[in-house]
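This report refers to the structure that appears directly beneath it.
Order of the sequence lines fixes the chain letters, A, B, ..., with proteins taken first and strands second; residue numbering starts at 1 for each chain.
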Number of protein chains: 2
Amino acid sequence: MDQPSRSAGTVRPGGRTARVRAAVLEATQDELVERGFHELTMDQVAARAGVGKTTVYRRWGSPSGLVTDLMNELADQSSPHADTGGIEGDLRANAVSVLNALNDERLGVTFQAVIAAGTGDEPAARALHAFYLRRIQEWANVVDLAVARGELPAGTDGAEVIRAISAPLYYRLVVTREPVTREVAERSVARTLAAARAGAFVTTGSRG
Amino acid sequence: MDQPSRSAGTVRPGGRTARVRAAVLEATQDELVERGFHELTMDQVAARAGVGKTTVYRRWGSPSGLVTDLMNELADQSSPHADTGGIEGDLRANAVSVLNALNDERLGVTFQAVIAAGTGDEPAARALHAFYLRRIQEWANVVDLAVARGELPAGTDGAEVIRAISAPLYYRLVVTREPVTREVAERSVARTLAAARAGAFVTTGSRG
DNA sequence: CAGTTAATGAAACACTTGTTTCGATAAGAT
DNA sequence: ATCTTATCGAAACAAGTGTTTCATTAACTG
């Protein structure tokens with residue numbers, strides 16, 4: 001009965017509402033950097049953003065809701081795939097882009113927060129899934145181009161190649177908790193490329 | 001002043017103390033399965049374990065402390081590496097072992113909980129780091145054996161090969177939130193092996 | 001088999017987090 | 001410019017979380 005049919009802020013998204021959202025997301029990132037997702041509290045974010053805590057609870061509901069919205073915001077800002085003219089350069093560009101994001105003070109903690117939120121919160125998990133699937137699809141094109149140029153075997157699965165580039169970096173970041181260095185990124189590119197050239201990413205029987 | 005020089009339970013670890021710990025860790029896992037790390041509360045764990053909440057706070061301090069202890073417990077139970085006589089069989093055994101752990105109802109949620117805890121809690125992060133480094137070292141031996149048998153190039157970095165096997169599984173589990181299937185595991189083995197055979201895991205100048 | 005005291009747990013407490021209410025403000029419509 | 005009402009926010013409230021106190025229990029010691 002009392003629940004609005006749409007969430008607050010969707011009917012009048014202009015002026016004030018937009019300012020409040022920007023201030024809250026900004027405050028959320030600041031809090032993530034200083035305290036981490038663990039200690040991200042609605043009250044603190046509200047105070048820092050200079051808005052009422054009622055508003056933060058109403059529009060985002062929980063800390064997971066905050067970081068999920070942050071992730072959706074990042075999704076809109078992400079850039080298209082590189083095109084260096086060769087598959088090695090393209091894949092390296094992808095690896096370095098991920099590397100820089102993970103090591104960036106603000107972006108790094110944000111990704112880690114959403115990953116943490118995703119382990120227990122369905123909306124956060126969906127946001128992660130959607131975000132990475134779009135990023136993977138975007139960069140998978142560089143593999144198709146490489147196949148067209150004859151650099152890689154026909155039938156090479158582009159999305160899988162892109163996943164293979166990122167996987168070792170995220171694995172170290174959140175699982176083994178080892179540093180994610182430039183060297184790690186370079187090795188990931190070299191190994192993925194070696195496997196791809198050997199035809200290990202060719203999808204057999206993909207067409208029935 | 002009031003802080004004991006060692007944490008509670010380390011001076012008289014017999015009988016009662018051990019029973020309390022077992023009951024609490026059991027209850028923690030049950031709660032993780034039913035509600036997830038997000039909703040893991042000290043009160044609820046204490047009630048379920050049939051112990052006073054004072055005890056849970058005193059010995060573990062926080063939900064992160066609980067799952068960290070759970071991880072240390074798992075570390076003691078982990079088994080040695082396979083020895084099938086061939087590198088492909090050994091790596092497949094490793095991949096399947098990880099696959100089964102991640103898809104196991106109890107183990108899966110536990111790993112995810114510790115990963116989530118690790119993003120913001122230093123002790124949890126250290127437990128993760130220590131656990132996986134030991135597991136990686138243990139399984140790296142199968143690569144050394146393979147090199148000795150002439151299956152892989154001399155100088156192949158065993159630890160890196162093992163990391164490469166696991167990385168895609170964890171990447172899907174916690175980052176892209178895609179299903180972690182048998183097929184994913186098999187492909188990880190095939191691709192890692194292809195790269196390894198091509199010499200992409202040979203550490204150049206490691207002794208320089 | 002006592003004696004000592006580490007460890008536990010019930011209860012009272014302080015603090016934090018989340019919800020509800022309702023008047024104030026300003027976005028968008030006419 | 002004026003009206004309507006979505007959105008906001010201060011305050012009071014309810015619920016949950018974490019701490020302290022202290023009596024009880026039971027490991028370990030000799």
Atom CH2 of B:W60 and atom P of C:dA7 are separated, to the nearest Å, by 12 Å

Any side-chain heavy-atom pair of A:Y171 and B:V175 under 4.5 Å | no

Whether over 12 other heavy atoms sit under 6.0 Å from B:R134 CZ = no

Pairwise side-chain contact, B:Y170 with A:V174, heavy-atom cut-off 4.5 Å (strictly under) | no

For nucleotides 9-19 of chain D, read 5' to 3', which letter fits each nucleotide if B means a protein heavy atom sits under 4.0 Å from the base, S means only the sugar-phosphate is that close, and - means neither?
-> BBB-----SBB

Counting only side-chain N and O atoms of A:R19, is one of them less than 4.0 Å from OP1 or OP2 of D:dT7?
-> no

Measure the distance from NE2 on B:H38 to C1' on C:dG18 and round it to the nearest whole Å.
-> 15 Å

Which of parallel (below 30°), tilted (30 to 60°) and perpendicular (above 60°) describes B:H38 and A:F37?
-> perpendicular

Separation of C:dA6 atom C1' from B:R21 atom CZ, nearest Å, is 18 Å

Measuring from A:I162:CD1 to A:R135:CZ, what's the distance to the nearest 0.5 Å?
-> 10.5 Å

What is the distance from CG of A:L66 to C1' of C:dG18, rounded to the nearest Å?
-> 14 Å

With a 4.0 Å cut-off, would you call B:R177 and A:E122 a salt bridge?
-> no

